[in-house]
Amino acid sequence: MQSLSKVAIIGGGVIGGGWVARFLLNGIDVALYDPAPDALAKVTGLIENAERAYDELLGVNRPLTGNLSLAADIESAVRGADFIQESAPENLSLKRSILAEIDRFAPHQTLICSSTSGLRPTELQKGLSHPDRFMVGHPFNPVYLLPLVEICGGEQTSADSKSRAAEIYQSLGMKPLVLAKEIDAFIADRLLEAYWREALWLVKDGIATVEEIDDAIRYGAGLRWAMMGTFQVYRIAGGEAGMQHFLSQFGPSLKWPWTKLMEVPELDGDFIKLIARQSDDQAGELSIKELEQIRDTGLVGILKVLQKMDWGAGQVLGDYEAMLKAAKPASELDLRKPLPLFQTNIKSDWIDYNGHMTEHRYLQLFGETTDALLTYIGMDAAYLATGQSVYTLETHLRHLKEVAQGERVSVTTQLLGLDSKRVRLLHVMTLDRNEEVLATTEQMLMHVDTKAGRGSDFSAGLAASLSQIWTAHQNLQVPDFTGSGIRALTG
Ligand SMILES: NC(=O)C1=CN([C@@H]2O[C@H](COP(=O)(O)OP(=O)(O)OC[C@H]3O[C@@H](n4cnc5c(N)ncnc54)[C@H](O)[C@@H]3O)[C@@H](O)[C@H]2O)C=CC1
Ligand SMILES: C[N+](C)(C)CC(=O)CC(=O)[O-]
């Protein structure tokens, strides 16, 4: 997969800003072009929300945030860009003129994707000099949290471009859904529009308020939609007889019909005012930023539950975390220093009644650092499957300084000793902002034959990796606090 070093985002509103955040939080530099004078301020707010959400969502290190630059024009944004996401207002002629400029100045092999909610890619790519690299990459709000992105090519889009775009989106923790056929509004917006039209009719006909309609979803079908789509939900609703029974029981009502699907209520001034007033009442004192944070906290919780279930969007999150966790190539680590194996932000649920990170979370972070070392030296799932692993025999943890929610900390690892079965480690946790040492831990680990349940020699591969590190680390100074136990009380 091509690795991205610079991405251009054209248009930095709700969706463009969300894309900016997703790329930056994946460690990729972003050049943004948006003519609005307050574009940077708006995007900064979105990035703050995204960082807050990722710190709660991810159980593994995420890459260091990329750099954001504001470009003076489209040309400077897209020159040298490896990937371009257009997110300008939904207007065919405006998008066409923007795409023509992007196409003129971007490197010819660079993919150009449009966030359009429903314009056909065939219409958008007309007149481009390299239309084969253009397609729709339709995301969902908030772009930094929702994994789905619909890829829809036009008549001139190449299959290779679509698969390259799918790989790129996947590497950002997204779920690309590549459409086999080009249609207006793709798959998801056709479904959402049908629901939205019906909801507007319910208000227009005086049947329900906007709040009642939202309640009808969020207390019911909305809860199950995160787990399963309509087909699977209705399969279950058919009982043991499944979908066949469901269709024969509820099929006839489709012809009555209950809904007003193809009619559109007139969006005249009075109706718009009515909806806006009811929506204001529904939100009460909550600002858009507060509503976004409530939405994000809920989404993070749902995604984490789905990850535990290894189901749906949670599988995408699990794969993304595994990718982020994957060992860095040996060439990237300087063995002459303690190894920088782990970095994280302190999450809200790690804070205890004293207002700082609770004690067992220190062990969790040190344990994750040990896992990172083991992954680095080659202990992967295939190795574990052979019935060999590494167990911890002893830990001595020193809590030196408090650390608060949201702080970013790093852990480095120094080898203090090695024999054929055991390795002795020192992990040091520091606060990124000032490099203050927060905690240290020494651990003795032993290689184990898990079937026999006893110590065994490291395999040749693991032993070679460990010896390489140990040879380099023998030149490091050994801190004088190592090797000590808990001091006796003298009083
Ligand atoms: N809002 C939503 O829920 C979703 C929107 N989309 C699509 O994303 C695109 C953007 O929509 P939103 O972000 O919602 O709109 P928005 O109105 O929030 O943002 C549009 C941004 O484009 C900027 N802009 C205006 N003229 C420009 C130009 N000539 N060059 C570059 N930027 C320009 C504006 O200053 C603004 O910041 C649309 O195509 C829309 O259909 C896709 C998925 C969901
Ligand atoms: C309303 N909308 C058509 C712009 C919605 C989308 O395109 C996707 C979403 O986030 O719901």
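Just so you know, these numbers use all the heavy atoms, side chains as well, and skip hydrogens, waters and symmetry mates. Both ligands and their constituent atoms are indexed starting at 1 by order of listing.
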message: Students should find this: residues with any non-hydrogen atom under 4.0 Å from ligand 1. What is the answer?
response: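 Contacts of ligand 1 under 4.0 Å: I10, G11, G12, G13, V14, I15, Y33, D34, P35, A36, S87, A88, P89, E90, L94, K95, I98, S115, T116, S117, H138, P139.
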
query: Does E90 come within less than 4.0 angstrom of ligand 2, counting non-hydrogen atoms of the residue?
result: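 Outside the 4.0 Å threshold, so no.
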
Can you establish whether the number of heavy atoms outside [X] located under 6.0 Å from its atom [atom1] is more than 12?
X    : atom1 : value
K175 : NZ    : no
R408 : CZ    : yes
Y234 : OH    : no

message: Applying side chain to side chain donor-acceptor pair (under 3.5 Å) as the test, list every pair that has at least one member in residues 213-233; sequence neighbours left out.
response: D214-Q282, D215-R218, W225-T230

- request: Determine which pairs satisfy side chain to side chain donor-acceptor pair (under 3.5 Å) with at least one residue from residues 23-47, sequence neighbours left out, and list them in order.
  value: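 Those involving residues 23-47 are N26-Y320.
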
Return the closest protein heavy atom for [atom] as residue, atom name and distance.
atom                    : value
atom 3 (C) of ligand 2  : D189 OD2, 3.3 Å
atom 9 (C) of ligand 2  : F140 CD2, 3.5 Å
atom 10 (O) of ligand 2 : N141 N, 3.0 Å
atom 2 (N) of ligand 2  : S117 OG, 4.0 Å

- prompt: Are Y169 and I151 close enough that some pair of their side-chain heavy atoms sits under 4.5 Å apart?
  reply: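 Sidechains of I151 and Y169: in contact.
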
task: Could you verify whether a donor N or O on one side chain and an acceptor N or O on the other, from T116 and E90, lie under 3.5 Å apart?
output: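 The criterion, which ignores hydrogens and geometry beyond distance, is satisfied for E90 and T116.
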
- prompt: Do you see a donor-acceptor pair shorter than 3.5 Å between the side chains of T358 and D352?
  reply: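 Indeed, the side chains of T358 and D352 share at least one donor-acceptor pair under 3.5 Å.
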
Residue list, salt bridge (Lys or Arg N to Asp or Glu O under 4.0 Å) with E150, at least two apart or on another chain: none

message: At under 4.0 Å between heavy atoms, is it the side chain or the backbone of L192 that contacts ligand 2, or both, or neither?
response: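 It is the side chain that gets close, since no backbone atom is under 4.0 Å.
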
